[in-house]
Each structure stands twice: as structure tokens, then as C-alpha cells.
Amino acid sequence: VAWRAGTTYTATSYVYVSPTFPSTLSSDENKEQDRPYEEYIADEAQTVTRYDILAAALQKLAPGTWQEPDESIGAAVNRLQHALDVDRIGSTFQISIALTMDDPQKAASVVNAVTDAFVAKAHSEEFYGRDQRLATLRDERSKLQTQLDEKLAEQAKLMDELGVAQVSVADNTDNSYDANVKHLNDL
């Protein structure tokens, strides 16, 4: 059989699946998980062969690595879904992603692309909406800084008109009264 089929190579990658779930909505760190870890890791193993993950992986590959000429992306993804072997490694926190082909370089390229796409997707889902929240926080910080600068400028103007010494906060802008007091202290 081996003589008839020729030589085949298997490329395998191992992914560590974190045993803790990211907390998004609940702040209670001691709360037990809704699903047992066994089900969670089984879901993660199935996630590897999701259409969007495999399509993203195939788009990163050089033409001809997996997708045949004139083959649609859907057909290539379907063929890859059936060719990949994704399993949990014993009772560890790892899953293996394996592919057997007659070309070791192509097998390694496909497995690496699938692994990269899976990890990137898992990472983006873990921090869902993070970029939007960070942008909102930066905008709010910018607005608050602008308001603070306006208030400080208004306060400095009033203190200068009243002839009162002012406290400089961050920009070390002293009015004439502060400069005179500082000059006297330096003597």
C-alpha cells in the first residue's frame, strides 16, 4: 500500500488552550465556570476548522500551496476541513493540528497558516471590542485635557488680572508675580 500511495508527510502544530476563561461581563473572579473545561477544549478544537478561520489561512498561503487552480475558496476550505486532523492531546491543555500530504513543505505551510489564523481569531475574540473601547477612552481623555487646559488658562488670566500669585501645574508658566517671588527666593 505504501509503495502504491507513495511517501506522505504529516505536519503537526500544538496550541496551548488557556485553562481560564477571559472575564468580560463578570467581575467575580471566584465564580465557577458555566461549562466544564472538557467541553470548552472540545469547542476550541472544533473552532479550528471553522470556515472563516480556514478561509483566512488559505488567503495567506501562496497560490498552489493548497487551493488548486480554478478551485473556489469554498471548495478548498471544504477539502481542508476534511483533511485536517484536530485533536486534544490526552488530558492536557493542548490541541494538535495535523495535516498529511505528499509535500512536507506544503503541509507545514498549511498547518502553520491554519494555526496562525486560529490563534489570531481566538485572540481577537478574547478582547472583543477592545479597540473601540480604547478609542472611546482616548477621545474622552482628550476632551477632559482640553477642558482642563481651558479652565487653567481662564484661572491664570483671572489671577493675573487680580495680581495674585498663581500655582503652575505642568507647563511651568509663571506670571510676573511668581517670577519676582522666585527671583527673590533665589537670592
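Values below: all heavy atoms of this structure, side chains included; hydrogens, waters and symmetry mates excluded.
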Apart from I89 itself, what residues make up its hydrophobic cluster when side-chain heavy atoms of I, L, V, M, F, W and Y under 4.5 Å apart count as a link, directly or indirectly? Y14
Pair up each side-chain donor or acceptor in residues 53-70 with any protein partner under 3.5 Å, not counting sequence neighbours, and list the distances.
residue	atom	partner	partner atom	Å
T65	OG1	A62	O	2.8
W66	NE1	A76	O	3.1
Q67	NE2	E71	O	2.6

For T115, give me all partners under side-chain hydrogen bond (donor to acceptor under 3.5 Å, both in side chains), at least two apart in sequence or on another chain. S13
Keeping the roles fixed (side chain from N112, backbone from A108), state whether a donor-acceptor pair exists under 3.5 Å. yes
Quick one: side-chain contact (heavy atoms from CB on, under 4.5 Å) partners of E161, sequence neighbours excluded? K157, L158
Using the side-chain contact (heavy atoms from CB on, under 4.5 Å) criterion, which residues pair with E150? Sequence neighbours excluded. T146
Test of understanding: with side-chain hydrogen bond (donor to acceptor under 3.5 Å, both in side chains), list the residues that count as partners of T10, not counting sequence neighbours. T100
How long is the straight-line distance from CD of Q145 back to CD of Q147, given to the nearest 0.5 Å? 10.5 Å
Determine which pairs satisfy salt bridge (Lys or Arg N to Asp or Glu O under 4.0 Å) with at least one residue from residues 136-148, sequence neighbours left out, and list them in order. none
Across all chains, not counting sequence neighbours, the side-chain contact (heavy atoms from CB on, under 4.5 Å) partners of D85 are D87, A98
Pairing residues for E38 by the salt bridge (charged side-chain N to carboxylate O under 4.0 Å, His left out) criterion, not counting sequence neighbours: R88
Is Q81 reaching over with its side chain to a backbone N or O of T49, donor-acceptor style, under 3.5 angstrom? yes
Apply side-chain contact (heavy atoms from CB on, under 4.5 Å) to D116 and list each qualifying residue two or more places apart in sequence or on a separate chain. none
